[in-house]
2 protein chains.
Amino acid sequence: MTLEEPNTRTRLLAHAREVYLEGGAAHFSLREVARRVGISAAAVYRHFDSKDALLGAVCEEGFRTFLGYLLRSLGERTPLARLRAAGDLYLRFALENEHDYRVIFMSSVAAIAVGAAKADPAVTSPTFLFLVDRVRECTASGDLREGDPTAMAAGIWAHVHGLSSLRLCGHLASAGDDAAFAFFFRQSMDALLVGLAP
Amino acid sequence: MTLEEPNTRTRLLAHAREVYLEGGAAHFSLREVARRVGISAAAVYRHFDSKDALLGAVCEEGFRTFLGYLLRSLGERTPLARLRAAGDLYLRFALENEHDYRVIFMSSVAAIAVGAAKADPAVTSPTFLFLVDRVRECTASGDLREGDPTAMAAGIWAHVHGLSSLRLCGHLASAGDDAAFAFFFRQSMDALLVGLAP
DNA sequence: GTCTATAGGTGGATAGAC
DNA sequence: GTCTATCCACCTATAGAC
């Protein structure tokens, strides 16, 4: 295993993500990506069938990174600690991978482009199922009330997503720096968990 | 005062809003608006300086609409009922004015497009201050705990925004139709309020 | 105020040479 | 795999006639 030059396909993906993050799906252009990679627009079609296929591939990559963050929460010793850690890691992913986060959760491209390129729900839903599992084991351990784990997970997801996305949009800038915001984030998350306790 | 034929400028605004609602700011085109109004694209420039000016006028309307929704919560009799109603109306606004919502809360375009047309922060922030006031009176009435009302309001805002935006992106489609989702929304909001109770 | 005509720009996608 | 050349669609904006 040696260090290799990134191949063209990889470079296309990297620059495609960059372009998408700068202007959103609206201004995403295959030509601009090709320009940055340093090849002609036509050459892109050797690597991807269409503009949408390229955009879809960008989304898939983000999902994998995201899942990697969440899995780290499994290092905690108790169900509740794992759930809370998952929340913290969710925020970390959002702050450390703003571009990916926007692609995945703050645009309709993920649901559309990914679904179009590869109608595989297993690409997106494992992350949500992971959260449902964290909720389930918290219910089993008595940390959360009995109830539809999917609905509870959706509520928790919405909460952490709301905090993360508003932060990324600059709407919660008054909360201070990232460390201060992480503290506020944890507090708010805990308030919700109290409301979901038995 | 008599009933008059809407003038061209008014008709432009109406159709611009229609086009905007159909495809969002991304696919908004001055030509398409002109087409629907039945005049040439060039004629639009007699009424608006540019495409952005026209779009800005439409967006301003969105902000006013949003505030209108929130204000209806004041019809409730108790502080807690007003806060809960504000939450419900927030969701209603998001679902009934999807593109307005996206522009205001799910993109950085709001600060740019609208800000360019009218750099008045008082257009957006009154809505958050409105929520802070709802929290304050709930603390006074004993429905919510003592604490920084701004932080609590931010947490509540994030929660309703998270639910609303995920719904709009199609990520919470499994929750059923809008009525079913509104029910789930209310439940989740109540859980958070329980966590924020004294 | 509205038109036509036009300038000048974006973009996606394909064909065929190499 | 990559290129150039090309086609077609769409767009914003302006100029000048009426």
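Each chain gets a letter, A, B and so on, in the order the sequences are listed, and its residues count up from 1.
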> Tell me: CG of D52(A) to P of dG12(C), nearest whole Å?
Replying inline: 10 Å

> Does the side chain of N97(A) come within less than 4.5 Å of Y69(A)'s, by heavy atoms?
Replying inline: yes

> Do L95(A) and L168(A) have side-chain heavy atoms sitting under 4.5 Å apart?
Replying inline: yes

> For R11(A), which contact category applies under a 4.0 Å heavy-atom criterion: base, sugar-phosphate, or nothing?
Replying inline: nothing

>> Please enumerate all residues that pass salt bridge (Lys or Arg N to Asp or Glu O under 4.0 Å) together with R17(A), with sequence neighbours excluded.
In response: E61(A), D100(A)

>> Let me check the geometry of the helix from dG1(C)-dC18(D) to dC18(C)-dG1(D). What is the bend angle between the axes at its two ends, five pairs each, to 10°?
In response: 10°

> Any side-chain heavy atom of W157(B) sitting closer than 4.5 Å to one from H171(A)?
Replying inline: yes

> Are R35(B) and dC10(D) close enough that a side-chain N or O sits under 4.0 Å from OP1 or OP2?
Replying inline: no

>> Rounding to an integer number of Å, can you tell me how far H27(A) NE2 sits from dG9(C) P?
In response: 18 Å

>> Restricting to salt bridge (Lys or Arg N to Asp or Glu O under 4.0 Å), what partner residues turn up for R136(A), sequence neighbours left out?
In response: D133(A)

Check nucleotides 2-6 of chain C for protein N or O atoms closer than 3.5 Å to its own N or O atoms and list the pairs.
unit_1	atom_1	unit_2	atom_2	d
dT2(C)	OP1	T8(B)	OG1	3.0
dT2(C)	OP2	H47(B)	NE2	2.7
dC3(C)	OP2	S40(B)	N	2.4
dC3(C)	OP2	S40(B)	OG	3.0

> How close or far is atom P of dG11(C) from atom CG of L55(A), stated in whole angstroms?
Replying inline: 14 Å

> Could you state the CG-C1' distance from L30(A) to dT10(C), rounded to the nearest angstrom?
Replying inline: 13 Å

> Once you round it to whole Å, what is the distance between C1' of dC11(D) and NZ of K51(B)?
Replying inline: 8 Å

> Which pair of heavy atoms, one from A41(B) and one from L30(B), lies closest together, and at what distance?
Replying inline: O-CD2, 3.7 Å

> Taking only residues at least two apart or on different chains, which pairs with a member in residues 181-192 of chain B satisfy side-chain hydrogen bond (donor to acceptor under 3.5 Å, both in side chains)?
Replying inline: R84(B)-D190(B), D88(B)-R186(B), H159(B)-S188(B)

>> If the condition is salt bridge (Lys or Arg N to Asp or Glu O under 4.0 Å), which residues does D178(A) pass it with, not counting sequence neighbours?
In response: R167(A)

> What integer distance in Å separates Y45(A):OH from dC7(D):P?
Replying inline: 17 Å

> Does E32(A) or D49(A) map to a spot on DNA chain C nearer the 5' end, using the closest nucleotide for each?
Replying inline: E32(A)

>> Check for me, please, whether L129(A) and F66(A) land in the same ILVMFWY cluster - side-chain distances under 4.5 Å, paths through other members count.
In response: no

